[in-house]
Novice: 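Next up is a structure, given as structure tokens.
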Amino acid sequence: MDRYNFKKIEKKWQKYWDDNKFFSTKITNNKKKFYCLEMFPYPSGKIHMGHVRNYTIGDVLARYKSLQGYNVLHPMGWDSFGMPAENAARQNNLDPKTWTEKNISNMKSQLKKLGLSIDWDREISTCTPEYYRHQQEFFLELYDKGLVYQKEQYVNWDPIDQTVLANEQVIDGKGWRSGAIVERKKLKQWFFNINKFSEELLENLNSLDEWPNKVKIMQKNWIGKSFGCEISFKINNSKKVHEIKCFTTRPDTLFGMSFLALSVDHPIAKFYEKDEEFVKFKKECSKVGTTEEAIASAEKLGFKTELLATNPLNTKIKVPVYFANFVLMDYGFGAVFGCPAHDQRDLDFALKYKLNVQTVVRPDKNDNYFTVKDKAYTGPGYIFNSSFLDGLKCPEESIIKTIEYLEEEKIGNKKINFRLKDWGVSRQRYWGCPIPIMYDENNQPHKVPIDKLPVKLPEITKLETTGNPLDTLTDWKEINVNGKKYVRETDTLDTFVDSSWYFLRFCSPKNNKYGFDEEEVKYWMPVDQYIGGVEHAILHLLYSRFFMMAISYKNEKINIKEPFKGLFTQGMVCHETYKNENGDWLSPDEIETFNGVKVEKRDKNKIVKVGPSESMSKSKKNTIDPEKIIENYGADAARLFILSDSPPEKDVQWSDEGINSSYKFIQKLWLLNQKISSEILKDHESDNGDNLTKRTNQYLKKITDNLSSFSYNVLIANFHEIYSFLVKEISNKYTKKTIIDNYSKILITMIPVIPHFAYECLEMNDFGINKAWPNYNKKILESDRVEVVVQVNGKKRGLVNVERNIAENKLMEFIKKQKNINKYLVDRKQKKIIFIQNRIINIIN
RNA sequence: GCGGUCGUGCUGAAAUUGGUAGACAGGCACGGUUGAGGGCCGUGUGGACCUAGUCCAUGAGAGUUCGAGUCUCUCCGACCGCACCA
């Protein structure tokens with residue numbers, strides 16, 4: 001018998017799908033739509049195993065939904081702007097466009113080899129003017145809606161990449177890409193007013209019931225809503241009186257205030273610009289370079305001013321004003337009042353600078369001895385030492401009451417504060433979407449008129465080593481509008497903007513009038529299932545949600561609240577790590593197993609140290625090239641294995657044994673297929689029992705259940721089970737009709753995972769390749785006999801096979817006839833019987 | 001520090017959502033086939049004991065329940081996210 005020739009067969013079907021535009025899709029009003037989207041890749045050059053996993057999971061779903069009769073939109077594109085292209089161009093002395101296009105064509109052919117059910121007619125690439133011109137139009141739209149503004153702000157400056165980083169791109173005080181220690185720098189930047197939608201972004205999370213809780217909680221924390229109030233404080237020295245505002249969630253502890261702390265960036269700081277001591281202190285504070293954790297636990301430093309702040313609840317009390325390193329300018333008002341007794345951080349500060357610690361909350365109403373010494377009390381209790389607030393229950397009564405008072409006296413207001421900051425989108429980079437803005441001779445910004453769009457990125461042959469090359473292109477920078485001369489904005493947009501609306505573009509990728517066609521978007525959106533890595537839980541997903549809201553804002557035609565109805569975050573692909581005697585990383589290609597021991601290929605005497613399985617990364621050399629795997633084992637085997645070992649949301653470990661066993665399983669399925677083909681020809685006159693039909697139906701139920709719950713690893717186990725069953729059962733005699741009925745259904749269920757194999761078998765047996773998803777027959781599933789568990793005192797004592805829906809007394813009669821069970825029942829009184837029909841009986845005695 | 005997820009054989013993992021713990025796979029062992037190796041096929045594989053059987057087993061300990069891997073509480077451990085957020 002022939003072996004399964006995956007090379008030939010996979011190529012054949014891929015060509016068939018391509019030639020027939022098998023996955024091409026369009027609006028079909030009488031069909032239910034399903035938009036299945038996987039996070040589109042950055043064209044780095046080659047696909048990696050993470051892509052294989054991501055796109056296989058998505059493909060299983062897309063093909064399943066399609067078989068179920070849905071009109072499935074399953075597109076693919078390229079997130080093709082970004083720094084790596086620029087870096088590669090600098091290194092290899094070529095232009096980013098060429099580099100990117102080459103990568104795209106290579107990766108596209110790799111993805112095709114995976115046999116994905118993609119509608120390639122909808123392919124998009126964010127670095128093309130056909131894409132980004134619409135993005136520029138969106139930018140201007142948001143500008144008109146007041147959602148875009150410019151301001152000067154301290155930014156995270158990456159000294160190596162010479163660019164500004166978003167807060168989210170700073171990890172442990174370092175640039176996410178370069179790893180360089182991030183500096184602070186003041187620059188004029190463009191911002192998206194994401195904060196405007198804080199409340200809505202938070203509120204809508206409740207409606208996203210097909211999102212993982214984990215992601216929703218992360219977004220919730222990121223938005224960081226807190227309830228409190230703003231309080232005005234009078235600050236004065238001998239000459240002047242200023243008023244400054246603080247935000248607090250604990251106004252009720254105001255009588256415990258013993259200092260007021262300001263950020264070094266607070267407006268008041270300008271009066272100290274010439275103070276050498278202060279300048280020195282400020283420098284000390286802005287020292288970055290340690291981890292976030294270190295910053296958080298760093299010593300609290302303060303710079304004492306001669307200013308005094310008045311307690312608004314008791315104007316006789318005046319406390320010193322400090323500049324302090326722990327006060328952030330971009331949260332609240334960049335100023336806090338310090339209540340050491342009930343805030344650990346304030347207490348640390350107070351102890352260090354020997355400030356008063358006044359306890360104003362005690363856990364017990366009548367505990368006259370309670371006083372805070374070296375550990376702040378933040379729990380509930382009762383207010384004391386606080387004049388008119390004394391005796392109030394804290395926090396329920398005390399906070400409300402204090403705010404009421406402050407509002408009456410016009411020294412404070414209830415306020416909700418968000419941690420979420422506006423999204424700085426300017427990047428001092430060449431390889432990005434140009435911002436469609438121009439400046440007049442007074443340096444005032446103006447929109448580039450719509451008819452001048454797109455603002456095309458000029459072709460550059462040579463990139464400077466640092467900074468933004470667009471800055472140096474004087475010809476390009478000049479623009480004439482209505483006879484007036486303007487200078488272009490040279491910043492480009494953060495690439496997260498590119499990926500914040502690509503899912504809309506996929507609905508009508510060729511529409512050249514606007515970013516999307518209204519009808520198409522109304523039909524296809526929202527994305528029914530979005531699949532990707534959990535690393536995008538905050539950034540990309542929050543920005544996309546914002547963008548959808550921003551487009552719908554003040555828009556009568558489009559009103560889509562949330563872009564992604566369902567979200568699935570898959571785990572990473574891991575592999576063992578290897579090191580040689582010197583501690584250098586070794587790639588799996590460089591080692592082999594010799595007498596059960598891992599050794600170096602080059603020198604088999606050298607034993608390799610096997611490290612823990614970790615997420616595949618180039619630096620640890622524990623990557624496996626998908627292309628080689630497809631070459632050696634086939635796409636179906638790769639797809640099968642990447643799904644088989646672990647649930648999709650968890651990490652999976654790649655192993656030689658695993659991919660090998662998946663390959664062998666397909667070969668076994670092939671042999672089984674040959675066997676079944678020959679059984680069909682025999683066409684026995686009658687069926688030898690209905691075992692085959694019953695088991696097939698049980699199988700169909702399991703498969704359908706596991707597909708809808710993303711239990712793809714269990715799905716593969718189901719394949720193995722039905723294989724083992726068929727191998728034995730098929731030699732019993734069945735009619736041609738029975739075999740075809742059941743086996744063709746089984747083959748269809750394999751299409752989502754191993755499509756090439758399944759289609760080949762369907763075709764060669766003349767079962768037809770356009771069949772619908774097989775539904776199971778409930779009646780057949782309910783066989784007339786069931787297995788009932790028998791427990792005595794909660795312990796399993798036996799298993800009986802009885803007729804379905806047997807009554808309790810009949811079952812008891814039957815059980816008493818079973819020697820091995822009855823021995824637990826004789827000589828004892830039955831106190832109680834718990835009986836769950838067709839499942840279990842528990843006899844208590 | 002705050003928030004979250006999770007602890008099941010040698011390993012990856014199943015468990016109809018409170019009802020037969022360990023499906024399926026890997027690994028290993030033994031047997032068959034083969035001149036040998038590989039491959040393929042078969043069997044076994046949680047632990048203990050007085051081994052036709054019985055008892056113990058889901059990180060540890062308690063609780064709820066006829067019944068707990070699943071629910072509740074305490075502790076231990078691992079992982080992830082956020083982090084001076086007032």
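These numbers come from the heavy atoms of this one structure, side chains and all, not from hydrogens, waters or symmetry mates.
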Novice: Which of these nucleotides, B/C85, B/A15, B/A86, is closest to any side-chain atom of A/V714?
Specialist: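 The nucleotide sitting nearest to the side chain is B/A15.
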Novice: Quickly work out the A/R797 CZ to B/G67 P distance and round it to whole Å.
Specialist: 14 Å
Novice: State whether the distance check finds a donor on one side and an acceptor on the other, under 3.5 Å, for side chain A/K300 versus base B/C84.
Specialist: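 Indeed there is one.
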Novice: Over how many whole Å does the gap from A/L671 atom CG to B/C41 atom P extend?
Specialist: 9 Å
Novice: Mark yes or no: A/R3 above the aromatic ring of A/W670, with NZ or CZ under 6.0 Å from the six-membered ring centre and no more than 45 degrees from the axis.
Specialist: no
Novice: Contact class for A/Q791 (heavy atom, under 4.0 Å): base, sugar-phosphate, or nothing?
Specialist: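 It contacts base atoms.
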Novice: Using a 4.0 Å heavy-atom cut-off, does A/I834 contact any base of the nucleic acid, only the sugar-phosphate backbone, or nothing at all?
Specialist: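 Base contact.
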Novice: More than 12 heavy atoms of other residues, nucleotides or ligands under 6.0 Å from CG of A/D374: yes or no?
Specialist: no
Novice: Go through the steps for A/F247 and A/F333 under the test ring-ring contact (aromatic ring centres under 6.0 Å, His included), then give the verdict.
Specialist: CA-CA 6 Å; A/F247 174 75; A/F333 301 96; 7.4 Å; no
Novice: For A/N417 and for A/I840, locate the closest nucleotide of RNA chain B by heavy-atom distance; then report the residue assigned to the nucleotide nearer the 5' terminus.
Specialist: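 Checking each residue's closest nucleotide, the 5'-ward one belongs to A/I840.
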Novice: Classify the ring geometry of A/Y712 against A/F710: parallel below 30°, tilted from 30° to 60°, perpendicular beyond 60°.
Specialist: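 Judged by the thresholds at 30° and 60°, the geometry between A/Y712 and A/F710 is tilted.
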Novice: From the list B/A83, B/G27, B/A13, which nucleotide is the closest neighbour of the side chain of A/E657?
Specialist: B/G27
Novice: What does A/V652 touch in the nucleic acid at a heavy-atom separation under 4.0 angstrom: a base, only the sugar-phosphate, or nothing?
Specialist: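 The answer is nothing, as A/V652 stays clear of every strand by at least 4.0 Å.
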Novice: I need the CG-P distance between A/N713 and B/U8, as an integer number of Å.
Specialist: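 Atom CG in A/N713 sits about 16 Å away from atom P in B/U8.
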Novice: side-chain hydrogen bond (donor to acceptor under 3.5 Å, both in side chains) with A/N673: which residues, sequence neighbours excluded?
Specialist: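 Testing A/N673 for side-chain hydrogen bond (donor to acceptor under 3.5 Å, both in side chains), a comparison that skips the adjacent residues, returns A/Y743, A/N765.
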Novice: For A/I217, answer base if it contacts any base atom (sugar-phosphate contacts may also be present), sugar-phosphate if it contacts only those atoms, and nothing otherwise; contact means non-hydrogen atoms under 4.0 Å.
Specialist: sugar-phosphate
Novice: In whole Å, measure the gap between the C1' atoms of B/A14 and B/U20 for me.
Specialist: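 14 Å, rounded to whole Å.
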Novice: Taking atom P in both B/G38 and B/G47, what distance in whole Å separates the two?
Specialist: 27 Å
Novice: We want to know whether A/Y699 and A/T704 form a side-chain donor-acceptor pair, criterion being a heavy-atom distance below 3.5 angstrom.
Specialist: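 Result is no, nothing qualifies.
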Novice: What is the ring orientation for A/F259 with A/F349, classed by angle as parallel under 30°, tilted 30 to 60°, or perpendicular over 60°?
Specialist: tilted
Novice: What's the closest nucleotide to the side chain of A/P647 if the choices are B/A86, B/G12, B/A14?
Specialist: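 Looking only at heavy atoms from C-beta outward on A/P647, the closest nucleotide is B/A14.
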Novice: Calculate the interatomic distance between A/Q667 atom CD and B/C40 atom P; express it in whole Å.
Specialist: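 Rounded to the whole Å, the gap is 10 Å.
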Novice: Where the side chain of A/R419 is defined as all heavy atoms beyond and including C-beta, which of B/A13, B/G81, B/C85 is the nearest nucleotide?
Specialist: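 Looking only at heavy atoms from C-beta outward on A/R419, the closest nucleotide is B/C85.
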Novice: What integer distance in Å separates A/F710:CZ from B/A14:P?
Specialist: 15 Å
Novice: For a quick test of reading the model: is some side-chain N or O of A/K650 closer than 4.0 Å to OP1 or OP2 of B/A13?
Specialist: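 So the side-chain polar atoms of A/K650 do come within 4.0 Å of the phosphate oxygens OP1 or OP2 of B/A13, strictly under.
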Novice: If you look at every strand shown and take non-hydrogen atoms under 4.0 Å, does A/K832 touch a base, only sugar-phosphate, or nothing?
Specialist: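 Since only primed, P, OP1 and OP2 atoms lie under 4.0 Å of A/K832, the category is sugar-phosphate.
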Novice: Answer yes or no: is there an ion pair linking A/E592 with A/K604, defined by an N-O contact shorter than 4.0 Å?
Specialist: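 Answer for the salt bridge query: yes.
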Novice: Please measure how far the P atom in B/C75 lies from the corresponding atom in B/G4, and state the result in whole Å.
Specialist: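 The same atom, P, in both gives a distance of 15 Å.
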Novice: Without decimals, in angstroms, what is the distance between A/K701 NZ and B/A23 P?
Specialist: 21 Å
Novice: Quick one: is B/A21 close enough that its OP1 or OP2 comes under 4.0 Å of any side-chain N or O from A/K795?
Specialist: no
Novice: On a whole-Å scale, what distance lies between the P atoms belonging to B/G27 and B/U11?
Specialist: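 The answer is 15 Å between these two P atoms.
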Novice: Considering only atom P, compute the distance from B/U65 to B/U70 and round it to an integer number of Å.
Specialist: 16 Å
Novice: Any idea if B/U17 is syn or anti, going by the 90°-from-0 cut?
Specialist: syn
Novice: Of the listed nucleotides (B/C82, B/A86, B/C24), which one gets closest to any side-chain atom of A/I538?
Specialist: B/C82
Novice: What does A/Y824 touch in the nucleic acid at a heavy-atom separation under 4.0 angstrom: a base, only the sugar-phosphate, or nothing?
Specialist: sugar-phosphate
Novice: When the P atoms of B/C85 and B/U5 are considered, how many whole Å apart are they?
Specialist: 23 Å
Novice: Over all strands shown, is A/K664 touching base, sugar-phosphate only, or nothing at heavy-atom distances under 4.0 angstrom?
Specialist: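 Sugar-phosphate contact only - A/K664 comes under 4.0 Å of backbone atoms but never of a base.
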Novice: From the set B/A14, B/C24, B/A83, return the single nucleotide nearest to any side-chain atom of A/W222.
Specialist: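 Nearest listed nucleotide: B/A83.
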Novice: Would A/R695 and A/E729 pass as an ion pair if we require N to O under 4.0 Å?
Specialist: no
Novice: Represent RNA chain B in dot-bracket notation, 5' to 3'. Only Watson-Crick or G-U wobble pairs with both distances under 3.5 Å count; pseudoknot-style crossings use [ ] and interstrand partners use |.
Specialist: (((((((..(((......[....)))(((((((.....)))))))((((...))))..(((((..]....))))))))))))....
Novice: Nearest of B/C84, B/C56, B/A86 to any side-chain atom of A/F326?
Specialist: B/C84
Novice: Would you kindly give the CD1-to-P distance between A/I722 and B/A23, to the nearest whole Å?
Specialist: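 Value for this atom pair: 18 Å.
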Novice: For B/G46 and B/A25, measure between their P atoms and round to the nearest Å.
Specialist: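 Looking at atom P only, B/G46 and B/A25 are 15 Å apart.
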Novice: Respond yes when some side-chain nitrogen or oxygen of A/R345 is under 4.0 Å from OP1 or OP2 of B/G1, and no when none is.
Specialist: no
Novice: Check this for me: does any side-chain nitrogen of one of A/K701 and A/D705 sit under 4.0 Å from a carboxylate oxygen of the other?
Specialist: yes
Novice: Could you check whether A/K415 gets within reach of a base, just the sugar-phosphate, or nothing at all, counting any heavy atom under 4.0 Å?
Specialist: nothing
Novice: Among B/U20, B/A86, B/U16, find the nucleotide with the atom closest to the side chain of A/L799.
Specialist: B/U20
Novice: The side chain of A/K668 lies closest to which of these nucleotides: B/G19, B/C41, B/A14?
Specialist: B/C41
Novice: Between A/Y723 and A/F665, what is the ring plane arrangement, given parallel below 30°, perpendicular above 60°, and tilted in between?
Specialist: perpendicular
Novice: Report the residue (A/H720 or A/N660) whose heavy-atom-nearest nucleotide on RNA chain B is the more 5′ of the two.
Specialist: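 Closest to the 5' end, via its nearest nucleotide, is A/H720.
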Novice: Ignoring the backbone of A/K796, work out which of B/C85, B/G3, B/A21 is nearest its side chain.
Specialist: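 From the listed options, B/A21 comes nearest.
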Novice: Pick one for B/U51: is it syn, with its angle within 90° of 0, or anti?
Specialist: syn
Novice: Please give the distance between the P atoms of B/G81 and B/C28 as a whole number of Å.
Specialist: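 Roughly 35 Å separates the two P atoms.
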Novice: For B/G4, does the O4'-C1'-N9-C4 or O4'-C1'-N1-C2 angle fall within 90° of 0, making it syn, or is it anti?
Specialist: anti
Novice: Counting any heavy atom closer than 4.0 Å, what does A/N842 reach on the DNA or RNA strands: base, sugar-phosphate only, or nothing?
Specialist: base
Novice: Under a 4.0 Å threshold between the charged nitrogen and the carboxylate oxygen, would A/K245 count as salt-bridged to A/E230?
Specialist: yes
Novice: With a 4.0 Å cut-off on heavy atoms, is A/S644 in touch with a base, just the backbone sugar-phosphate, or nothing at all?
Specialist: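 If one applies the 4.0 Å heavy-atom cut-off, A/S644 turns out to touch nothing in the nucleic acid.
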Novice: Write down the distance between CG (A/N718) and P (B/A25), rounded to a whole number of angstrom.
Specialist: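 It works out to 11 Å between those atoms.
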